[in-house]
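Notes for the one structure printed next.
Hydrogens, waters and symmetry mates play no part in the numbers below; they use all other heavy atoms, side chains included. Labels below follow one simple rule: chain letters A, B, ... track the order of the sequence lines, proteins then strands, and each chain is numbered from 1. Small disclaimer: the values here were computed from a predicted structure and weren't measured.
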Protein chains: 2
Amino acid sequence: MKNKNLSGYDELFRQLEEKTALTEDEKARIPQFFESKNLEKKQYLLRQGDYCKNLAFVAKGALKSYTLDDKGQEHISLLAWEGWWVSDFKSFIAEEKAILAIDAIEDSEVLLISRSNYEALLEEIPSMERYFRILYQNSLVTKDRRLISSNTYTAEEKYLHLLKMYPFISQRIPQNLIASYLGLTPETISRIKKNLVE
Amino acid sequence: MKNKNLSGYDELFRQLEEKTALTEDEKARIPQFFESKNLEKKQYLLRQGDYCKNLAFVAKGALKSYTLDDKGQEHISLLAWEGWWVSDFKSFIAEEKAILAIDAIEDSEVLLISRSNYEALLEEIPSMERYFRILYQNSLVTKDRRLISSNTYTAEEKYLHLLKMYPFISQRIPQNLIASYLGLTPETISRIKKNLVE
DNA sequence: GCTGTGCATTGATCTGAATCAAGAAAAAAG
DNA sequence: CTTTTTTCTTGATTCAGATCAATGCACAGC
């Protein structure tokens, strides 16, 4: 086995074992499918229009995935910190050009898995097939809730719903990114906060 | 083997085999996990607040899943026709009360699988674990696109994007349901269509 | 064939959140 | 500690799409 820095894998195993059981043998084989990468704050992992070669597991730090509209405005589709996966899935799976860009918003460590390694991993370690099925099942629920929130709630309700789901988020993520994630402007968030205090 | 009406299972197998290979033996065992149910137009499959006991595969017809807000307004979260799965996932998986309701919008046939059968199926037939992993993976991509659409696009862009994804949808689904699905009002859709003609 | 109920159109008006514009505050960099 | 950059706040104005209201249309039931 190649000598690997295992620091980030602790977080990965913690995540995997939350959803599925792994033998010691499996745990020993898993790191080989991944490659670790450090990103500084503001460094990018993926650019719009490139091919998304990897699925990334966030071992440390935080990243944002976003689209840019014709006016150059950023629309965040995901905020991912320790324990989350991030990529332009469509691009990763179907080998199309990415419509998402991904940047680090803190100094971060990610574990990258290529498409061929992803498929090999699923093939060789059935618990991983199970892990991803459960992960995606849960993500679907979360995305569904976000869609409902986006179509049904007022700006204030959207913000409160987010705080309820991720109470620590306002300590960690700047308001302008939260605004973009919710499809609102920073000004609106600011006014909502003011209103809530009163 | 119990004598089952197999009509709806053709559609199910077609879907399964699009994503994974099945042996004849597996195909023979699968129907046993399901139960077929016919719904008339407007009949409900799930009510808000009930426990969602089943995951439903639409073999024929079309259904909508939706939430009701405090004003009694309906917000459609999914339109599902032949080949789609529908349920309140969160309720189905975590055994919580459903926040979604599901109604037939055409006379329909659904194949229902209970939670325990779902888990047994995944356990006993590994290709099904694979099938659902791929299904959820794809659904995530679609939901992501919808979220981007919802946060980024104008009303007109949302409508055009939907038509592009499902060109036949306006022949099949009434405008007021399409409006609700997009988080718009029927009036807005009507004005958009008028505008597009000019 | 009428009649009712649900769906679609069109117009007038309203409103929540965006945009535009300045500063203030906080954090990072030197 | 000072300067620069980034984030946050507050106010004035605008605008896309909602709401309200009325009418037209189509098809299902009698």
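- For the pair A/Thr154 and C/dG16, the criterion of a side-chain N or O lying under 4.0 Å from OP1 or OP2 is not met.
- Atom C1' of nucleotide D/dT7 and atom CD1 of A/Ile173 are separated by 14 Å, given to the nearest angstrom.
- For B/Thr185, counting side-chain heavy atoms from C-beta on, the closest listed nucleotide (D/dT6, D/dA18, C/dT19) is D/dA18.
- Distances were taken from every side-chain heavy atom of A/Asn176 (C-beta onward) to each of D/dC8, C/dT10, C/dA8; the shortest belongs to D/dC8.
- Both cation-pi conditions hold for B/Arg47 and B/Tyr44: the charged atom is under 6.0 angstrom from the six-membered ring centre and inside a 45 degree cone around its axis.
- With rounding to whole Å, A/Gln171 atom CD is found 17 Å from D/dT7 atom P.
- For B/Lys193 and C/dT9, the shortest distance from a side-chain N or O to OP1 or OP2 is below 4.0 Å.
- The nearest whole Å value for the distance from the CD atom in B/Glu187 to the P atom in C/dC14 is 16 Å.
- Rounded to an integer number of Å, the gap from CD1 of B/Ile105 to P of C/dC7 is 11 Å.
- With C/dT9, D/dT9, D/dA18 as the choices, the nucleotide that has an atom nearest any side-chain atom of B/Ser190 turns out to be C/dT9.
- Per the geometry, CD belonging to A/Glu106 stands 15 Å off C1' belonging to C/dA27, to the nearest Å.
- Taking every side-chain heavy atom of B/Arg191 into account, C/dG11 is the closest of C/dG11, C/dA21, D/dT6.
- Taking the six-membered ring for Trp and the full ring otherwise, A/Phe132 and A/Tyr118 have centroids separated by under 6.0 Å.
- With C/dT9, C/dA17, D/dA18 as the choices, the nucleotide that has an atom nearest any side-chain atom of A/Leu184 turns out to be C/dA17.
- Side-chain proximity of B/Lys194 to D/dT6, C/dG11, C/dA21: nearest is C/dG11.
- Side-chain proximity of A/Pro174 to the nucleotides D/dT6, C/dC20, D/dT7 is greatest for D/dT7.
- Following chains of ILVMFWY side-chain contacts shorter than 4.5 Å, one can reach A/Leu122 starting from B/Leu140, so the two form part of one hydrophobic cluster.
- Separating the NZ atom of A/Lys41 from the P atom of C/dA27 is a distance of 11 Å, rounded to the nearest angstrom.
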